Amino acid sequence: MSALVIANWKMNGALSAVEVFAETWGSVVIPNDVQIVICPPYVYLSAVREAMPREVQLGAQDCAGHKAGAFTGEVAADMLVESGCAWVIVGHSERRQYHAETDELVAQKAQLAQEAGLCAVVCVGEQLGQREAGEHQQVVAAQLAGSLDGVDLKNLVVAYEPVWAIGTGHSASPQQAEDMHRWIKDCLMKHYGADAQQIPVIYGGSVKPETAAELFACETIDGALVGGASLEATSFAEIAQAGASGRN
Ligand code: 13P
């Protein structure tokens, strides 16, 4: 399985920043055996599509839980496909936290995304207090059960993003990440059966060029979902390069 490295720009950037990113990207060498996806804010999708080379795929950070209709401010999965997206992140902890998204809604979004032809990146992860209380496995198992209800195992990626590691500079240790990825893969096997082996499980939470290699070296880590370090082409490229060599 080639490593999957996804940039989640969150609500950052500007049109001028897309140009700078693309220009710098043009001078880096990315091995073929790594899959790269960039998820900019909706309004920059077309700019990223036009500025970046074809092998860099396009994704969105969210989609609506409805197919179409009177849902002001929402963007449907079908519209993302029309905009050139092949991927969409659903259930990011920031959506769960600031927009009160439930597992049920996340599952609905993932289903609609898959129906539209997108690959759904379903995010799960525990909060600090839950980890300190030793509840992280149970919390993540419950999120998976709810968020994957009715979701196909094809065109599915699971992202493990411990909330305490996001934007803090404190990544989970390779051991912590590897243990949780193993647990997640076990949960997926229970949910989908043996075919669940094909579902990539990627890690997110303060992934940096300095820490990427040791994370990618873990057998159960199939890629990374990168926030802050994906905003600059050079650091994102270094992570992608680590993704390629880490899988050899
Ligand atoms: P950081 O890499 O900034 O910690 O963000 C991780 C994340 O939330 C990616 O979706």
Side-chain angles (χ1 to χ4, degrees), residues 3-13 17 21 34-42 44-45 48 56-63 80 85-99 101 103 106 109-110 113 118-128 130-131 136 139-140 143-144 147 156-174 176-177 180-181 184 200-216 218 221-243 246:
L4 172 62
V5 183
I6 304 180
N8 175 9
W9 285 359
K10 308 193 180 185
M11 200 177 72
N12 292 297
F21 188 99
V34 56
Q35 252 188 307
I36 313 263
V37 182
I38 296 185
C39 302
Y42 292 133
Y44 302 139
L45 283 171
V48 172
V56 173
Q57 299 180 66
L58 198 59
Q61 299 171 15
D62 187 32
C63 68
L80 296 178
C85 290
W87 302 78
V88 65
I89 299 168
V90 292
H92 191 281
S93 61
E94 286 149 17
R95 304 272 337 154
R96 292 176 184 266
Q97 187 179 351
Y98 305 131
H99 301 271
E101 291 199 1
D103 291 332
V106 174
K109 290 182 174 195
L118 295 165
C119 183
V121 181
V122 175
C123 301
V124 294
E126 81 284 358
Q127 292 170 9
L128 183 58
Q130 293 166 329
R131 174 159 282 264
H136 43 291
V139 167
V140 167
Q143 284 178 335
L144 286 169
S147 307
L156 173 65
V157 170
V158 171
Y160 170 57
E161 295 206 309
V163 177
W164 46 270
I166 296 176
T168 59
H170 299 292
S171 166
S173 69
Q176 285 173 320
M180 279 307 282
H181 280 227
I184 288 168
V201 181
I202 64 174
Y203 170 80
S206 295
V207 176
K208 306 285 175 218
E210 310 83 61
T211 56
E214 55 180 9
L215 287 167
F216 287 127
C218 299
I221 298 183
D222 301 315
L225 181 51
V226 188
S230 73
L231 294 171
E232 273 200 14
T234 29
S235 58
F236 186 54
E238 281 176 46
I239 293 170
Q241 284 153 351

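The structure presented is a predicted model; accordingly, all values stated were derived computationally and were not measured. Just follow the structure's listing: the first ligand is 1, and inside any ligand the first atom is 1. Values reported hereafter were calculated over all heavy atoms of this structure, with side chains retained and with hydrogens, waters and symmetry mates removed.
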Checklist entry - With distance as the sole test, does Asp222 use its side chain to make a donor-acceptor pair with the main-chain N or O of Val201 at under 3.5 Å? => result yes
Next on the checklist: Contact between Pro40 and Leu58 at the side-chain level, heavy atoms closer than 4.5 Å - yes or no?
Outcome noted: yes
Checklist entry - Backbone N or O of Phe236 within a donor-acceptor pair of the Ser230 side chain at under 3.5 Å? => result no
Checklist entry - Which is closest to atom 4 (O) of ligand 1 by heavy-atom distance: Gly167, Ser93, Gly227, Ala159? => result Gly167
Checklist outcome for this item: One finds that the ligand 1 atoms under 4.0 Å from a non-hydrogen atom of Gly228 are 1 (P), 2 (O), 3 (O)
Checklist outcome for this item: For Glu161, the atoms of ligand 1 under 4.0 Å from one of its heavy atoms are 6 (C), 7 (C), 8 (O), 9 (C), 10 (O)
Next on the checklist: My understanding is that only residues two or more places apart in sequence, or in another chain, count here; which of them pass ring-ring contact (aromatic ring centres under 6.0 Å, His included) with His181?
Outcome noted: Tyr160
Next on the checklist: I'd like to check whether Lys10 has a polar contact with ligand 1, where a contact means an N/O of the residue lying under 3.5 Å from an N/O of the ligand.
Outcome noted: yes
Item to check | Contact check, Ala229 vs ligand 1, heavy-atom distance below 4.0 Å | outcome: no
Next on the checklist: For Trp9, give me all partners under ring-ring contact (aromatic ring centres under 6.0 Å, His included), at least two apart in sequence or on another chain.
Outcome noted: Phe21
Next on the checklist: List ligand 1 atoms under 4.0 Å from Asn8, heavy atoms only on the residue side.
Outcome noted: 9 (C), 10 (O)
Checklist entry - For the side chain of Gln143 and the backbone of Gly125, is there at least one donor-acceptor N/O pair under 3.5 Å apart? => result yes
Checklist entry - Going by atom types only, do Glu161 and His92 share a side-chain donor-acceptor pair under 3.5 Å? => result yes
Next on the checklist: Applying the side chain to side chain contact (heavy atoms under 4.5 Å, CB included) criterion to Ile89, which one of Val122, Asp62, Leu225 satisfies it?
Outcome noted: Leu225
Checklist entry - Hey, is Ile166 touching ligand 1 through its side chain, its backbone, both or neither, going by heavy atoms under 4.0 Å? => result both
Item to check | Residue Gly205 vicinity, atoms of ligand 1 by number, heavy atom under 4.0 Å | outcome: 4 (O), 6 (C)
Checklist entry - Which atoms of ligand 1 are found less than 4.0 Å from any heavy atom of Leu225? => result 9 (C), 10 (O)
Next on the checklist: For ligand 1 and Ser206, I'd like to know whether there is a polar contact (N/O to N/O, distance under 3.5 Å).
Outcome noted: yes
Checklist entry - Does ligand 1 have an atom under 4.0 Å from some heavy atom of Lys208? => result no
